[in-house]
Amino acid sequence: MWELISAGGWLMLPIILSSVVALAIVFERLWALRSSRVAPPNLLGQVWRWIKDGQLDATRLKTLRADSPLGEILAAGLANTRHGREIMKESIQEAATKVIHELERYLNTLGTIAAITPLLGLLGTVIGMIDVFTAVMVQGTGNTAVLAGGISKALITTAAGLTVAIPALFFHRFFMRRVDELVVAMEQEATKLVEVVQGSRDAEPSGNDVATDPAIRRAAKTAQGN
């Protein structure tokens with residue numbers, strides 16, 4: 001392995017560094033973008049129970065905001081229920097913008113690595129081929145072993161660059177898709193909350209036994225007044 005790295009020349013250093021950064025980003029995003037962490041499935045039902053039981057206060061809003069990205073969005077809406085539907089929706093959108101930015105953290109870096117590592121490999125190959133043709137000018141074309149060895153070394157950086165770029169591109173697309181799915185799920189939950197709190201929805205949350213009735217809206221307004 002060390003011989004391959006040495007043969008690739010100094011351009012192997014940024015390629016290896018890029019691979020380490022890409023690997024760290026992949027593991028970090030795999031952990032951070034878990035559905036159970038970003039949008040817990042029972043969170044909305046828990047919020048509805050707090051509202052109906054009159055337990056929604058500043059402390060619970062603070063806990064909800066710190067619980068998860070979805071909790072941060074819901075808390076932003078609940079904190080502005082007394083200002084009406086439009087203000088509540090605007091607050092949710094503002095919080096969602098911040099949350100989406102956090103979900104996409106490091107993904108631009110991963111995409112950049114996927115784009116530049118093949119170019120670094122190509123640059124290494126070009127430099128290597130220049131060295132090969134320089135050797136041809138000095139020694140002639142009689143020594144085929146020298147030519148084959150030089151070309152082989154020149155191609156090492158291209159192989160290394162593609163080895164880093166292909167997984168990086170795959171995971172970049174994978175994480176972008178995951179973020180889109182999570183955003184859609186959080187948008188649906190936030191929409192349900194707005195409709196129920198503002199009295200335009202009369203349904204039970206899936207998987208929960210909490211009925212939604214006009215008392216919910218009154219309880220939310222009472223909590224905001226505390």
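Residues A115 and P118 approach most closely at O-CD, 3.5 Å, considering heavy atoms. For the residue pair H172 and L107, the shortest heavy atom distance occurs at CD2-O, 3.0 Å. Between A76 and N80, the shortest heavy-atom distance links the atoms O-ND2, 2.9 Å. Among all heavy-atom pairs drawn from A190 and I73, the shortest one is CB-CG2, 4.1 Å.
L64 places a side-chain heavy atom less than 4.5 Å from the side chain of L43. Within the 4.5 Å cutoff, the side chain of D57 has heavy atoms near those of the R60 side chain. Within the 4.5 Å cutoff, side-chain heavy atoms of I51 are placed close to those of V47. At least one side-chain heavy atom of M186 sits under 4.5 Å from a side-chain heavy atom of P69.
A distance of 10.0 Å separates CZ in R37 from CG in L182, rounded to the nearest 0.5 Å. Considering CG of L78 and CG of L193, their distance stands at 4.5 Å, rounded to 0.5 Å. Between the CG atom of L74 and the CH2 atom of W48 there is a distance of 10.0 Å, given to the nearest 0.5 Å. Between E187 atom CD and L70 atom CG the span is 12.0 Å, to the nearest 0.5 Å. Of the inter-residue distances, the one linking D67 atom CG with Q46 atom CD reads 9.5 Å to the nearest 0.5 angstrom. Between L11 atom CG and I156 atom CD1 the span is 12.5 Å, to the nearest 0.5 Å.
A salt bridge links K192 to E189: at least one charged side-chain nitrogen sits closer than 4.0 Å to a carboxylate oxygen. Between R177 and E181, at least one side-chain N (NZ, or NE/NH1/NH2) sits under 4.0 Å from a carboxylate O, which counts as a salt bridge.
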**Asked** Going through the distances and angles, do L120 and T157 end up as a side-chain contact (heavy atoms from CB on, under 4.5 Å)?
**Response** CA-CA 7 Å; L120 290 173; T157 53; over 6 Å; no
**Request:** List the steps, then state whether side-chain contact (heavy atoms from CB on, under 4.5 Å) holds for L123 with I127.
**Result:** CA-CA 6 Å; L123 178 59; I127 293 174; 4.1 Å; yes
**Request:** For M176 and R173, run side-chain contact (heavy atoms from CB on, under 4.5 Å): C-alpha distance rounded to whole Å, both residues' side-chain angles, the deciding distance at 0.1 Å, then the answer.
**Result:** CA-CA 5 Å; M176 292 300 294; R173 298 286 181 86; 5.8 Å; no
**Request:** Before giving the answer on side-chain contact (heavy atoms from CB on, under 4.5 Å), spell out for I92 and T191 the whole-Å C-alpha distance, their side-chain angles and the decisive distance to 0.1 Å.
**Result:** CA-CA 9 Å; I92 287 176; T191 300; over 6 Å; no
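Under the 3.5 Å distance criterion, the side-chain polar atoms of R29 are matched with a main-chain donor or acceptor of L103. In this structure, S68 contributes its side chain and A39 its backbone to no donor-acceptor pair below 3.5 Å.
Both I113 and V179 are assigned to one and the same hydrophobic cluster, defined by single-linkage of ILVMFWY side chains at heavy-atom distances under 4.5 Å. I15 and W10 fall within a single hydrophobic cluster, where Ile, Leu, Val, Met, Phe, Trp and Tyr are joined by side-chain heavy atoms under 4.5 Å apart, directly or via other members. Note: the hydrophobic cluster containing V21 also contains F175 (ILVMFWY, side chain heavy atoms under 4.5 Å, direct or indirect links). Both V194 and V183 belong to a common hydrophobic cluster when Ile, Leu, Val, Met, Phe, Trp and Tyr are linked at side-chain heavy-atom distances under 4.5 angstrom. L17 and L119 fall into different hydrophobic clusters, where Ile, Leu, Val, Met, Phe, Trp and Tyr side chains are chained together by heavy-atom contacts under 4.5 Å.
There is no side-chain donor-acceptor pair under 3.5 Å between S18 and T117.
Of the options R65, K62, K98, a salt bridge (Lys or Arg N to Asp or Glu O under 4.0 Å) to E72 is made by K98 and by none of the others.
Using the six-membered ring where Trp is involved, F171 and F174 have ring planes that are perpendicular, over 60° apart on the 30 and 60° scheme.
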